[in-house]
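Taking it in order: structure first as structure tokens, then the write-up.
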2 protein chains.
Amino acid sequence: MSNLKAVAEHSKVSIATVSRVINNDPKVSRETVLKVQASIAALEFKPNRVAQRLRSSNSKTKLLGLIIPDIQNPFFVDVVRGVEDYAYQNNFAVMIGNFGQDEKKEKLYLDIFQSENIDGLIVAPIHGKDKGIENLVKKNIPVVCIDRGLTEIDVDVVKVDNELGAFNAIDHLLNMGHKRIAFISGNFKIPTYIERMSGYKKALEKHGVAFDESLVFARNTDYKSGFEIAQKILELEERPTAIFSGNNLLTLGALEAIHAENIKIPEEISIIGFDDMPWSISLNPPLTAVRQPGFDMGRKAAEMLYERIANPGKKKENVILKTELMLRKSTTRIE
Amino acid sequence: MSNLKAVAEHSKVSIATVSRVINNDPKVSRETVLKVQASIAALEFKPNRVAQRLRSSNSKTKLLGLIIPDIQNPFFVDVVRGVEDYAYQNNFAVMIGNFGQDEKKEKLYLDIFQSENIDGLIVAPIHGKDKGIENLVKKNIPVVCIDRGLTEIDVDVVKVDNELGAFNAIDHLLNMGHKRIAFISGNFKIPTYIERMSGYKKALEKHGVAFDESLVFARNTDYKSGFEIAQKILELEERPTAIFSGNNLLTLGALEAIHAENIKIPEEISIIGFDDMPWSISLNPPLTAVRQPGFDMGRKAAEMLYERIANPGKKKENVILKTELMLRKSTTRIE
DNA sequence: TTGATAAATGTAAACGTTTACATTACAAAT
DNA sequence: ATTTGTAATGTAAACGTTTACATTTATCAA
């Protein structure tokens, strides 16, 4: 690869001048700008971003870190797309780390990204007391948390009103006459699920239905967990009339378990899933789901990160986006 | 962040010695190793990967580029997971670029990744004559192509036998008595679709069914295209009895169009999708699909890249993985 | 003509590493 | 006592930029 020096020699100026040209420094004459640009084109010179990043701490070389819990979860894919969309428009490159709910892996990515001198980080913390992320914030590295916040420290957050989202879903079921509603949750270490649980309880309260702990199941957030938990639910002596499933992978697993038992949805059991997906409408039957605006969350987070990089001292923000209950065919009224 | 110098001062050795310690250079005494390691721990020193990368060209700082056409396509998500899995085990970091079938964006990522001094690149070329990628290969930057190869130049490739995959699907439909089989394809600039088309034709040939160009539709590879093309297909005066859909997003779009018209699958129309997905089994009805081993492709590509980095001169490889036809409920026999 | 001021360009240090080469210390061989 | 060899460590240049500061050149007022 050609470098500044080569360009400088080619156009018979100093490397400083070339550097100024590529950085649009106004104090270089029109004439030399053209000359240098010609050389740059001739030699197909591209500035080395590694050297740029090493030299200048002030985010000349735009690089952004994005750490997500599970790239198999289409919700996070939407988030990635949102971040990437904004980044691309603003000439940032994005480095993605996927930690699959493995705390060690999350830590590793935190370290690597730091060592890569990223300008800022967007991350979905594995839990609310994530020390690794706290440290970054304390070091004044720009951080925006997504989907989940941090409890011990003030930080920018973009999330969804999980409590209200869950509340609305359960409220809908209760309105349709359901009383025994099972909840397939993710691990309660994850703040999101704590909030959804809280929405679940509040809705029951509102309708004067007693909370029954034996209807709540929390394991991992993957397909298999959904499948296994649903199997257990279906075996219960007094079978629930409805299931509220905590994320899209759990829902898929649950659906498979239900279909495997040849149980009819919604006649024999109703189901609402958290997370709406492109295929929800093509499922059997079309799934009633709580829609999270993943793309918007990603975009908003990137935007906020951008602002924080530009202005590190500014007050921390807490953005809460709305969910939407998408009514389809997987729920029905019972008496 | 603390640096080599700080550690050197703390442990009263030269920075060269510290560098040797972090690189496990055998020619440093047991004693000093311990002393330096203590300082490293005390100061929480992490080597700056940017500086490492700048200084040493020989891939000390393991960084890998991965460029994919569409992160919304779960097939590519599987590929990403495969690559990441291998990378993580071998202490590589992965930088991901998603170009959304936009050639400009692909070019930009190619440039950026190069400027980032990546050690190697895994990429799904936008078409077979991709000059940008050709250039990288010519510059001896380790490159592995995935899903699609390059026609003009010898390069490592990991792909799937698209022709055979499509052949088997169409053969299955023909065996069940279908004669008018529509093909919802992606753009024929993309080699994958050329190959699938070829399999489609060969199957027709085998069964002595005349090829009817008006049954082939090629547009983009997204949800919307699938929906719109399916609408057109359903409006055809003589409606096809089966649809072969070129990728999972197209399939989803097509399904929605079919459901919107209240047309029964498979009684009124059969459908097979290329790409099997976790939710295929929960679709209405469970979808017969051609399964591509995305995760394995990703892992294999990463592995090959690793080998090429270690041994740049080695002969280029061409790995072709098998597809599998997952028989479910979206196809039926007709007379 | 001179001196002052501004504009354009150049010089060289710095960013945090790696590494070729030089130096030191010490044991073993002469 | 001198040489030789080896192991451990240090010195300084290099990677490709940016940028504070210095220098040159041009412009213009006096």
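Order of the sequence lines sets the chain letters (A, B, ...), proteins ahead of strands, with each chain counted from 1. Keep in mind that what you see is a predicted model, and the values were worked out from it rather than measured.
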For residues 15-27 of chain B, which side-chain N or O atoms pair as donor and acceptor with protein atoms under 3.5 Å away, sequence neighbours left out?
| residue | atom | partner | partner atom | Å |
| --- | --- | --- | --- | --- |
| B:Thr17 | OG1 | B:Ser14 | OG | 3.2 |
| B:Ser19 | OG | B:Asn23 | ND2 | 3.4 |
| B:Asn23 | ND2 | B:Ser19 | O | 2.9 |
| B:Asp25 | OD1 | B:Lys27 | N | 2.9 |

Contact check, side chains of B:Lys159 and B:Pro191, non-hydrogen atoms, under 4.5 Å: no
Outermost DNA chain D nucleotides near chain B [under 4.0 Å, heavy atoms]: D:dA8 to D:dG16
NZ/NE/NH1/NH2 to OD/OE distance under 4.0 Å, B:Arg308 and B:Glu303: no
Pair listing, side-chain hydrogen bond (donor to acceptor under 3.5 Å, both in side chains) test, anchored in residues 122-133 of chain B, at least two apart: B:Glu103-B:His127, B:Lys129-B:Glu152, B:Lys131-B:Glu134
Worked check of salt bridge (Lys or Arg N to Asp or Glu O under 4.0 Å) between A:Asp85 and A:Arg299: CA-CA 7 Å; A:Asp85 188 65; A:Arg299 256 201 84 93; 2.5 Å; yes
Value rounded to 0.5 Å, distance of CD1 in B:Ile68 from CG in B:Asp70: 7.5 Å
B:Leu63 side, atom CG; B:Met95 side, atom CE - distance, nearest 0.5 Å: 6.5 Å
Contact residues, residues 23-43 of chain A to DNA chain D [heavy atom, < 4.0 Å]: A:Asn23
Inter-residue atom distance A:Gln114.CD - A:Leu121.CG, 0.5 Å rounding: 9.0 Å
Sugar-phosphate, base or nothing in reach of A:Arg20, heavy atoms under 4.0 Å: base
Test item: A:Ile122 and A:Leu64 side chains (from C-beta on) under 4.5 Å apart, heavy atoms: yes
Strand-adjacent residues in residues 8-18 of chain B, judged by heavy atoms under 4.0 Å from DNA chain C: B:Ile15, B:Ala16
Salt-bridge contact A:Lys316-A:Asp156 (side-chain N to carboxylate O under 4.0 Å): no
Please write out the pairs of protein N or O atoms and N or O atoms of nucleotides 25-28 of chain C separated by less than 3.5 Å, giving the distance to one decimal.
none

Sub-6.0 Å ring centroid separation between B:Tyr306 and B:Phe92: yes
Close side-chain approach of B:Phe75 to B:Asp147, heavy-atom, < 4.5 Å: yes
